[in-house]
J.: 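Before I ask anything, let me first share the structure, which is written out below as structure tokens.
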2 protein chains.
Amino acid sequence: MNPPKPSLELLRGLTDENVLRALMAHDRLTRAEIATRTGISKPTVSESVQRLEEAGLVADTGERTTGRGRVGSYYALSPRLGTALVASITPHGVVAEAVDALGRTHGRVRTDLGADAGQEAAGRALAAAAEELKGRVGGPLRLAVVSAADPVDRATGRLVHLPDAPFLVGALDPPSVLADAVTGPVLVDNDVNWAARAEYEHGCAQGVDDFVYLHLGEGLGCAVVSDGVVRRGHRGLVGEIAHLCTAGPDGQAMAFTEVFAALGLRRPASTAVDVPKLLEVLEGRDAGADRVRAALARAVGGVLSAAVSLADPETVVVGGTWGAHPRMITAVEEHFRRTPRPVPLGAAVLTLPELTGARARAVDEFRSLVVRSARPAAHG
Amino acid sequence: MNPPKPSLELLRGLTDENVLRALMAHDRLTRAEIATRTGISKPTVSESVQRLEEAGLVADTGERTTGRGRVGSYYALSPRLGTALVASITPHGVVAEAVDALGRTHGRVRTDLGADAGQEAAGRALAAAAEELKGRVGGPLRLAVVSAADPVDRATGRLVHLPDAPFLVGALDPPSVLADAVTGPVLVDNDVNWAARAEYEHGCAQGVDDFVYLHLGEGLGCAVVSDGVVRRGHRGLVGEIAHLCTAGPDGQAMAFTEVFAALGLRRPASTAVDVPKLLEVLEGRDAGADRVRAALARAVGGVLSAAVSLADPETVVVGGTWGAHPRMITAVEEHFRRTPRPVPLGAAVLTLPELTGARARAVDEFRSLVVRSARPAAHG
DNA sequence: TCCTTTGGTGAGGACTCCTAACTTGAAATG
DNA sequence: CATTTCAAGTTAGGAGTCCTCACCAAAGGA
């Protein structure tokens, strides 16, 4: 609402931020290089570097320039800044990494979980992975970004069990599980949203500010990217499409998840999609397989009509264990092309996309944490 | 990506912005009052006021303080800043206003259009209204914000005719129609989006950062507010729900607009909803009316399931000629309450909401235009 | 008439950024 | 090996911005 109050302190903070951002983009720079990169004069940069060195944010690497001219000192972000934790939790296991402010990965821990490991095991694995990484990188974990294969409450970061949706990871509260290992905030979101971010930054939706990412796997979900940001909605449940009203096998209206029940494609005693069986059908050659493929295409088409109406995407990206299957893409596209408002359709291209997206967010968040820590007096 | 470069010019610009924003919030202030309101020191404010007066943005009103102490001079935004045009175009006519940077309305013009006036008449009425207002306020129209009762292309501001959707206002290109009367940018969006903004700022969704506004009138539309902003999507067609797949009268899946065809509630030779007939049914007491009401509630319920899945709203606001009808609200709520993810439902409360929303945007936009004009050298 | 009160101005200081010139020390050059 | 070249970094000085503090001016109240 109100513009910031002008002050010389604000100006100095801006100089420090420029210097820090330069050192986040290039791992080591001399003061003269920082000056040319930022466009700030050499004396001002020198002052700022001195301030930041005293504050412990920047350190002389000990390396020196070689070549003609005076020997220069290379500076870099202090290794004592610590790292950020990135973790992905799926029913199959936990993968965790530590990343620094330059976006470099400093370690990776992987824990496989048995089929019915339960949420306690997942929580323990996450906490253990964090401790392991903390020890390995030898510095504090300043924040964490967690991906979970379930809906996440936006306000608390806890996993949410919605009616008639599979609860793959189970009740888990990452912020409290990680409270001991991580000194700062713990950001949690579901894997589909992180995957969408990854496709936006490095994948097939690069630079597309408005798109929808449809995830079709054991669970059914999607992500909505609007104006370049993954939108989460009030509770963080954007994209939980299990109950979206769509067309069933015989043309009757039903919830998306019910379509799989009607087609006999649910896992026994569960609301999760029976992926092996579904893939078998996708490959099938008989008339029954044709009928199921058509029914799936029609059901997905109903979901897409909703996505087009409510998100107006430039493209739709389809991912997930069976969603990205070529025959599925073809079937959906063929159906979708004949609707009143078709949109280009593409298959997701990244592997482990949720980790990529979470990592990108962790780096962003860690960087602004570091920049903020350079201005202790800023209260706005 | 990169923080702004620190410079003394930036600091000065910030002071000027603080002074201007203070004068936008209170129509006349002395320099001492500006200093206390902004928290900036008196000498600095004095310098800034002098600069802004020389630049023609601020003017001595000639009024003087009364009471104890030295007589102070009241300053205000210069009347030569001009005004912003706000206009709403519906099939029934054109309403236009001029607003200044303080948010005060300076004139209102209303032109009724005959039932089949056509788009040329609408365009002429809009241009005439703009000229009339320009003459009446005696200054330039620096920008325009237009509401139109049809989908609007986000990139060009032109109206779009979607298949099987009524084209109420018709082909119209507000930016070119207003090019002569308005010196600056012309922002166009559809009435539903503006209405949602109005309900967000002054209506029943005040401060609710994530909600969906459903408009049920001759046309069918909705607005999605996410993180406090009306989202428009890639082409500006968020909320064009005519083809959203929902449940028909007998439970079969069909496009939302087709439900009205199936119920005989479309206007002859058109895809617009026959509102008088629908209202008659809403009031009806026989079994047929019950059946139609149930069918409408079910169809709207399907749309809401999509809205909940893809936007995760905190509340849903229903407006429009028949959508806000008490019996409609009741019927929809009764149905919606029994779904897996119900959300509080409310009726829209504002009259002429699209004008209110467009006016709010016009004031915002005009204010930042004025602030920008105080920093001629800012290139970022 | 004198005191109080308040808007506005002036002087001076602290601070930030910049340009320009200078210092430094190693590599290139002869 | 002496000299030149070159680039990193420092120093000096100046311009500009904001602030505090003191002061002035003028109207109202005592």
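Here is the naming used below: chain letters follow the sequence lines, and residue numbers restart at 1 for every chain. Side-chain atoms are counted along with the backbone in the values below, which use heavy atoms only and exclude waters and symmetry mates.
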J.: Taking the side chain of Arg68(A) as its heavy atoms from C-beta onward, which of dT17(D), dC17(C), dC6(D) lies nearest to it?
T.: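 From the listed options, dC6(D) comes nearest.
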J.: Do you know which of Asp60(B), Thr61(B), Thr66(B) makes side chain to side chain donor-acceptor pair (under 3.5 Å) with Arg64(B)?
T.: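 When Asp60(B), Thr61(B), Thr66(B) are each tested with Arg64(B), the side chain to side chain donor-acceptor pair (under 3.5 Å) holds only for Asp60(B).
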J.: Looking only at side-chain atoms of Leu11(B), point me to the closest of dC18(D), dC18(C), dC17(C).
T.: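 Looking only at side-chain atoms, Leu11(B) lies closest to dC18(D).
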J.: Between dG9(D) and Thr30(A), is there an OP1 or OP2 to side-chain N/O distance shorter than 4.0 Å?
T.: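 It does, given that an N or O in the side chain of Thr30(A) lies less than 4.0 Å from OP1 or OP2 of dG9(D).
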J.: For Ile40(B) and dT20(D), give me the distance from atom CD1 to atom P, rounded to whole Å.
T.: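 So the CD1-P distance, Ile40(B) to dT20(D), works out to 12 Å.
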J.: Across the strands shown, which category fits Ser73(A) at heavy-atom distances under 4.0 angstrom: base, sugar-phosphate, nothing?
T.: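 Sugar-phosphate, backbone atoms only, no base.
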J.: Over how many whole Å does the gap from Lys42(A) atom NZ to dA21(C) atom C1' extend?
T.: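 Interatomic distance, NZ of Lys42(A) to C1' of dA21(C): 11 Å.
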J.: Once rounded to the nearest 0.5 Å, what's the spacing between atom OH of Tyr75(A) and atom CG of Leu29(A)?
T.: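 Atom-to-atom, Tyr75(A):OH and Leu29(A):CG are 12.5 Å apart.
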J.: What is the distance from CG of Asp16(A) to C1' of dT16(C), rounded to the nearest Å?
T.: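 Atom CG in Asp16(A) sits about 12 Å away from atom C1' in dT16(C).
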J.: Using a heavy-atom cut-off of 4.0 Å across all strands, would you classify Gly69(B) as base, sugar-phosphate, or nothing?
T.: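 The answer is base, as Gly69(B) lies within the cut-off (heavy atoms under 4.0 Å) of a base atom.
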J.: Check this for me, if you would: do Glu33(B) and Arg37(B) make a salt bridge, where the nitrogen-to-carboxylate-oxygen distance has to be below 4.0 angstrom?
T.: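 Not counted as a salt bridge, because no side-chain N and carboxylate O are separated by less than 4.0 Å.
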J.: In Å and rounded to the nearest 0.5 Å, what is the CE to CG distance from Met24(A) to Leu81(A)?
T.: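 It is 7.5 Å, given to the nearest 0.5 Å.
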J.: Which part of the nucleic acid does Thr15(A) contact within heavy-atom distance under 4.0 Å: base, sugar-phosphate only, or nothing?
T.: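 Sugar-phosphate contact only.
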J.: Contact class for Thr65(A) (heavy atom, under 4.0 Å): base, sugar-phosphate, or nothing?
T.: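 The answer is nothing, as Thr65(A) stays clear of every strand by at least 4.0 Å.
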J.: Using whole Å, report how far CD1 of Ile34(B) lies from P of dT6(C).
T.: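 Those two atoms, CD1 and P, are 18 Å apart.
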J.: Need to verify one output field. Residue with the more 5' nearest nucleotide on DNA chain D, Val71(A) or Pro6(A)?
T.: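 It is Val71(A), whose closest nucleotide lies nearer the 5' terminus.
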J.: If you pin Val45(A) and Gly67(A) to their nearest nucleotides in DNA chain C, which one's is more 5'?
T.: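 Result of the comparison: Val45(A).
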J.: Should Arg64(A) be listed as having a side-chain N or O under 4.0 Å from OP1 or OP2 of dG25(C)?
T.: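 No, Arg64(A) has no side-chain N/O under 4.0 Å of OP1/OP2 on dG25(C).
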J.: Rounded off to whole Å, could you give me the CG-to-C1' distance for the Leu29(A) and dA8(D) pair?
T.: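 Spelled out: CG on Leu29(A) to C1' on dA8(D) is 14 Å.
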J.: How many Å lie between CD on Glu17(A) and C1' on dT16(C), as a whole number?
T.: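 It is 17 Å, rounded to the nearest whole Å.
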J.: From the set dC15(C), dC17(C), dG8(C), return the single nucleotide nearest to any side-chain atom of Leu8(A).
T.: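 The answer is dC15(C).
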J.: Any Lys/Arg nitrogen of Asp100(B) or Arg367(B) sitting under 4.0 Å from an Asp/Glu carboxylate oxygen of the other?
T.: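 Looking at Arg367(B) together with Asp100(B), the answer is no, because their closest N to O distance does not fall below 4.0 Å.
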J.: Does dT16(C) have OP1 or OP2 sitting under 4.0 Å from an N or O in the side chain of Thr44(A)?
T.: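 Checking Thr44(A) against dT16(C): no side-chain N or O falls below 4.0 Å of OP1 or OP2.
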J.: Which part of the nucleic acid does Ser46(A) contact within heavy-atom distance under 4.0 Å: base, sugar-phosphate only, or nothing?
T.: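 Sugar-phosphate contact only - Ser46(A) comes under 4.0 Å of backbone atoms but never of a base.
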J.: Can you tell me how far P of dC15(C) sits from CD of Glu47(A), to the nearest Å?
T.: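 Roughly 11 Å, once rounded to whole Å.
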J.: Should we say atom CZ of Arg136(B) is surrounded by more than 12 heavy atoms from elsewhere, each under 6.0 Å from it?
T.: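 Counting neighbours around CZ of Arg136(B), more than 12 heavy atoms of other residues, nucleotides or ligands fall under 6.0 Å, so yes.
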J.: For Arg70(B) and dG10(C), what is the distance between atoms CZ and P respectively, to the nearest whole Å?
T.: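 Rounding to the nearest Å, CZ of Arg70(B) and P of dG10(C) are 10 Å apart.
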